[in-house]
Structures are given as structure tokens and as C-alpha cells.
Colleague: 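If you scroll down you'll find the structure; I have some questions about it.
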Amino acid sequence: MKPKNKVRSEGIFHLTASEAVRRFKNGKASITVVGLGRIGLPTAAMFANAGLRVVGADINPAVVVSINEGKCRFVDEPGLDKIVERTVKRGYLKATADVSKAVSETDMVVICVPTPVDHNKTPDYSAVIGASETIGKSLKSGQIVIMESTVGPGTVEEVIKPVLERESHLRAGIDFGLASCPERSDPGNIIPNMKTVPRVIGAVNEHCEEIVASLYENALGVKVFRASNPKTANAIKLTENLFRDVNIALANEFALLFEKLGIDAIEVINGCATKYNFMPHYPGAGVGGPCLPSNSYYLIVEGIKSGNIPYLIRMAREINDRMPDHVIELVSEALNEVGKTVRGSKVAVLGVAYKPDIKDVQLSPLERVCKNLKDLGSAVDIYDPMFAGEQVFGIAVKRSLAQAVKGADCIVIGTAHSEFKKLDLNGLSHLVSSPAAFVDARNVATPKEVMAAGFAYRGVGRRFLTPTAEATS
Ligand code: SAJ
């Protein structure tokens, strides 16, 4: 049972939950969102869209300027641009580079800064610690701080809380409120998710939980799962992501196994998916993005500190991180089938984003695929509709699929962008340097159709038949 703290007069933390929410709704209370990236900007926009006064604070002046012009840089988040434009125009959302001033003039602070892992796979909390130091210096009694950034369980209680208390000379749970509400949105679907996906909230005490839960329920209209404390809320967020990473690793392990057994892993998984309690996950080029490749290490670090080092989630990371190497193996096999080698071949990589229809290459496994191909002596061209004409991984992305494929000895499907789900395989076969190879690392094409178009085919987890075997099968 969390200790009930005494309710005092000033500041929303010292009001009843209903009074606090009323103040936000009638504009007498306002919110600062620190960090206006792919989570922070939608968070600020959605609170502003609910009629709350929001100040978005970011250290990047260019981000501040563009938002105050009503612009949204995330072209792949449907609906976000219109909400930003409308809420800025109506004065509900404004941006500033002065975090301290924003904190001193508002009532609640939501932290949405990045929490990456460094090259040693060690969580890098410098951004959240830096933000907490700045916030702490301006923190007043009665304010509430909410951590939406993903951190290891215990980090809010053991790292963020002491920083806020040290810088503010205030006490969490007594003078100010502190809660975790880990972000749970799917990049590319953030606005719909923020309207429908329940939020998990864990606060330092019951009163703070009541205010924060009431605000998210009333302002954003979402259901709230009330966790016992911030540590538990962060454990829930990490568990759902690590569950996904481990299951993707299992799918990748099935793919590697079934390829050797001449069994089509996609057919197997789709068959399994007909059973009511099977959750399909699919093999591919590997696991990328700002979340899954990093989240495991937040928990692994806590495990190492507590003396219980997890095995399965570490093994899953190793399996997923190995998939780009497997893609190279498939490219080599397919090129060998047409008498070519990786060295000296031209490879067209179609899709480098870490997942379909999103403009984001953070920790994309295709970076390793492109690098390894170049290291092995291939000439690599890229086409990705989200990056056409731009530089990605130090490579100029072609402006069209045809430009990338022309004269290629091998085509690699790296991302399952919608555009690649209806490829004109016969048309491509006239553009490539025949005989050519086709490696599908995201299982968007049908093996038989690719082979019928004259390519030497390989796919992650896919069953394939070489032309001679096809003839006799
Ligand atoms: N991937 C596979 N096989 C699968 C699913 C995904 O190889 O069956 C790969 C993707 O290609 C990608 C990576 O894994 O490279 C991550 O895919 P993802 O769909 O999990 O995409 P994310 O990283 O944007 O995941 C986010 C996460 N949201 C948060 O962390 C708040 C995740 O928890 C969500 O499940 C996911 O969005 C979603 O689909 O909502």
C-alpha cells in the first residue's frame, strides 16, 4: 500500500485529482514536454489536441523553429502533421529551446528524451539525467514529473528521483509528484496508438498515481493500467518488447533450421497461426529500430547488478543480430548458382528502413548487410522510397527502383515496404545483368514467381528449388 501523502494548497500535486485535471482542461494548468522527437512531438501534440496548454521543449533550435511554424518533420506519422499545424495555430502548442523557462512556467513535465545503448550495449541515460538536472533546477513544489522515456526497472527510483531531489531541494512524493508512463506507440502508427493503446502508469505514491492516471484517461481518452510503482511500469514496457524480440529470434531460429531441412518456415508459421494461441512472428534480415535492439540491455544490466544474468534474452539478441550475416550467405549462394560471386557483383538493396513504410534507419540490420557486401567486394546500390535521393549508410539512394536494379547481378529485398509487395518481376528481369539472383530478406515475394521470372532465388527461411531440382520435383 503506497503511503498517502498529505494534500496541501499550492500546485497540482497538492490538489485532488479531479481539481488538477479540471485546471488542465480549463487552461489554468499547463504541460512541458521535454524532447520533441518521434515520441515527444506526438505526445505534446496529443495533449494540445485535447485542449491543454503545452510547451514543447527541445535543445535543437531547428526543431523549435519548425514546430512554431506549425511544421512536422515526421512525414511517416499519418495525422501528426495536421494536429501539429492546428494546435500551434490555435496557440495550444508552442515550442522553445529554453527547458528551464518552460518548466518554471508550467505545472507538469513529461520527459521524452532518447535512451539509447552505446557501442558496448550499455544503456546511455545521459539525456534523461541531463534533462532531470535541468528540470530539477526549475522544479517547484506542487509540480509533477512524468518519465515516458524507456529505462531499466528501478532507474526512475534510483537515478532520476535523486537527481530531481538534489537539484530542487524538494522531496518526491511529498513536494512534487513523480511517475513513469513508458511510451508504447508503434512508430508509423503513433497517433492511432496514442488514442487506443492503454497506458501503463507507475507513480511514487497513490495520490500522484491518481492525478496522472486521471489526466491521461481524461485528456488522451485512453485506458490506464495502474502499476505498483515506476519500477513495475518500466518492467511492463520492457517485458512486452523483450517478449517480441525473443519471439522474433525464435522465428529466425526456425528459419535457419527449416532452410536446411527444405521446409518453408513461412508456410510453417502461417500454418501454426491457424491455432488459437499461436502468436506469429516472422524471420527476416534482423531486428532494427530504436526500441527492440536496445531494450534487452536495460534489463540485462539490471540482471548483472542483481546477480541474475538472463540467458534467453541475451541469446535472442545474438540470434537476431546474426541475421544480416545470414542474408550475405544467401546472396553468396544465389550468385554462385548463376556462376557469379559476391566479389565483383553489383547488388541492388531494395529497402534499408528498419521496418516497412517508415523513414527510419536507426539500428537497421540493412546497414550491416550493405557494409558487409561492400567489404566483400560488391558494388552496392540502394533504393528505398522513404529515402530516394538522400544519403543512407554513406551511399547515395537511387531515385527509382529501376535505377538501382539496372545492371544488378543480385536484388536484395531489405524492407517490406508496400511498394515492394507488387514487384514487376519480369520487368526487373530485363533490367538486371542476367543471369541474376534475387534474395528476399523480408519475404515479400513468392519464391515460385521469382524463379519463374528467371532469377536464382533465396529467401530467409524459404524453401527454394534450383532450376534442375524444380524440373525433377
Ligand atoms: N521484425 C521481425 N519479425 C517480426 C516483427 C518484427 O523481424 O515478426 C523486425 C522488424 O523488421 C524491425 C524490428 O523487428 O526491424 C522491430 O519491429 P517492430 O514491429 O517491433 O517495430 P518497432 O521497433 O517500431 O516496435 C515498436 C515497439 N513499440 C515500443 O517500443 C513503444 C514495439 O513494442 C511494438 O510492438 C511495435 O512498435 C508495434 O508493432 O506496435
Side-chain angles (χ1 to χ4, degrees), residues 37-40 42-43 74 76-77 112 114-117 147-151 180-200 222 233-256 265-266 268-270 272-273 278-299 316-317 319-324 326-327 351-369 384 386 413-418 420 440-444 459-461:
R38 193 180 281 274
I39 294 297
T43 299
F74 297 109
D76 53 0
E77 287 298 351
C112 295
T115 50
V117 291
M147 172 75 117
E148 285 213 4
S149 302
T150 306
V151 291
S180 254
C181 180
E183 55 91 7
R184 288 176 113 195
S185 296
D186 172 23
N189 294 297
I190 288 186
I191 294 303
N193 280 187
M194 282 192 173
K195 292 174 181 170
T196 56
V197 176
R199 301 304 296 265
V200 173
V222 286
N234 284 301
I236 291 168
K237 162 60 190 278
L238 289 177
T239 300
E240 59 200 17
N241 274 5
L242 274 54
F243 177 87
R244 186 168 174 81
D245 197 45
V246 167
N247 278 282
I248 293 168
L250 184 59
N252 285 326
E253 179 135 275
F254 285 141
L256 297 174
I266 302 302
V268 169
I269 292 165
N270 289 338
C272 296
F278 184 85
M279 288 178 71
H281 292 75
Y282 291 91
V287 173
C291 308
L292 268 59
S294 310
N295 286 181
S296 301
Y297 298 105
Y298 303 156
L299 206 56
R317 288 277 73 242
I319 292 170
N320 289 335
D321 280 350
R322 187 192 170 282
M323 293 313 287
H326 183 58
V327 173
V352 287
Y354 81 85
K355 73 175 187 181
D357 303 329
I358 194 163
K359 183 173 185 178
D360 193 335
V361 287
Q362 286 183 85
L363 300 177
S364 170
L366 283 305
E367 180 164 14
R368 181 117 147 242
V369 169
D384 186 307
M386 307 302 276
I413 303 293
T415 311
H417 287 311
S418 303
F420 301 151
D440 189 353
R442 290 297 185 191
N443 300 306
V444 295
V460 173

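The shown structure was predicted, so the numbers you read here are calculated from the model rather than taken from an experiment. As the structure lists them, so they are numbered: ligands from 1, and atoms in each ligand from 1.
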Colleague: Going by the rule salt bridge (charged side-chain N to carboxylate O under 4.0 Å, His left out), which residues pair with R244 if we only count those two or more places apart in sequence or in a different chain?
Modeller: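 Salt bridge (charged side-chain N to carboxylate O under 4.0 Å, His left out) check on R244 returns nothing, list empty.
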Colleague: Who passes side-chain hydrogen bond (donor to acceptor under 3.5 Å, both in side chains) against E367, sequence neighbours left out?
Modeller: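 Per chain and number, E367 pairs via side-chain hydrogen bond (donor to acceptor under 3.5 Å, both in side chains) with no residue.
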Colleague: Which pair of non-hydrogen atoms, one from V200 and one from I236, has the smallest distance, and what is that distance?
Modeller: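 The pair with the smallest heavy-atom distance is CG1-CD1, 3.7 Å.
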Colleague: I'd like to check the salt bridge (charged side-chain N to carboxylate O under 4.0 Å, His left out) partners of R442; sequence neighbours left out, ordered by chain and number.
Modeller: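 Result, salt bridge (charged side-chain N to carboxylate O under 4.0 Å, His left out) vs R442: none returned.
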Colleague: Identify which one of N241, D245, N247 satisfies the side chain to side chain contact (heavy atoms under 4.5 Å, CB included) criterion when paired with F243.
Modeller: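 Going through N241, D245, N247 one by one, the side chain to side chain contact (heavy atoms under 4.5 Å, CB included) with F243 is satisfied by N247 alone.
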Colleague: Within this structure, what is the NE2-CG distance for the pair H281 and L250, rounded to the nearest 0.5 Å?
Modeller: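 Taking NE2 in H281 and CG in L250, the distance rounds to 9.5 Å.
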Colleague: Between ligand 1 and the protein, which N/O pairs fall short of 3.5 Å?
Modeller:
unit_1   : atom_1 : unit_2 : atom_2 : d
ligand 1 : 3 (N)  : Y282   : O      : 2.8
ligand 1 : 7 (O)  : R442   : NH1    : 3.4
ligand 1 : 8 (O)  : Y282   : N      : 2.8
ligand 1 : 11 (O) : Y354   : O      : 3.3
ligand 1 : 11 (O) : R442   : NH1    : 3.4
ligand 1 : 11 (O) : R442   : NH2    : 3.4
ligand 1 : 15 (O) : G288   : N      : 2.9
ligand 1 : 15 (O) : Y354   : O      : 2.5
ligand 1 : 19 (O) : R244   : NH2    : 2.8
ligand 1 : 20 (O) : R244   : NE     : 2.7
ligand 1 : 21 (O) : K355   : NZ     : 3.4
ligand 1 : 24 (O) : Y354   : OH     : 2.7
ligand 1 : 24 (O) : K355   : NZ     : 2.9
ligand 1 : 28 (N) : S185   : O      : 3.3
ligand 1 : 30 (O) : N241   : ND2    : 2.8
ligand 1 : 33 (O) : N241   : OD1    : 2.3
ligand 1 : 37 (O) : D186   : OD1    : 3.2

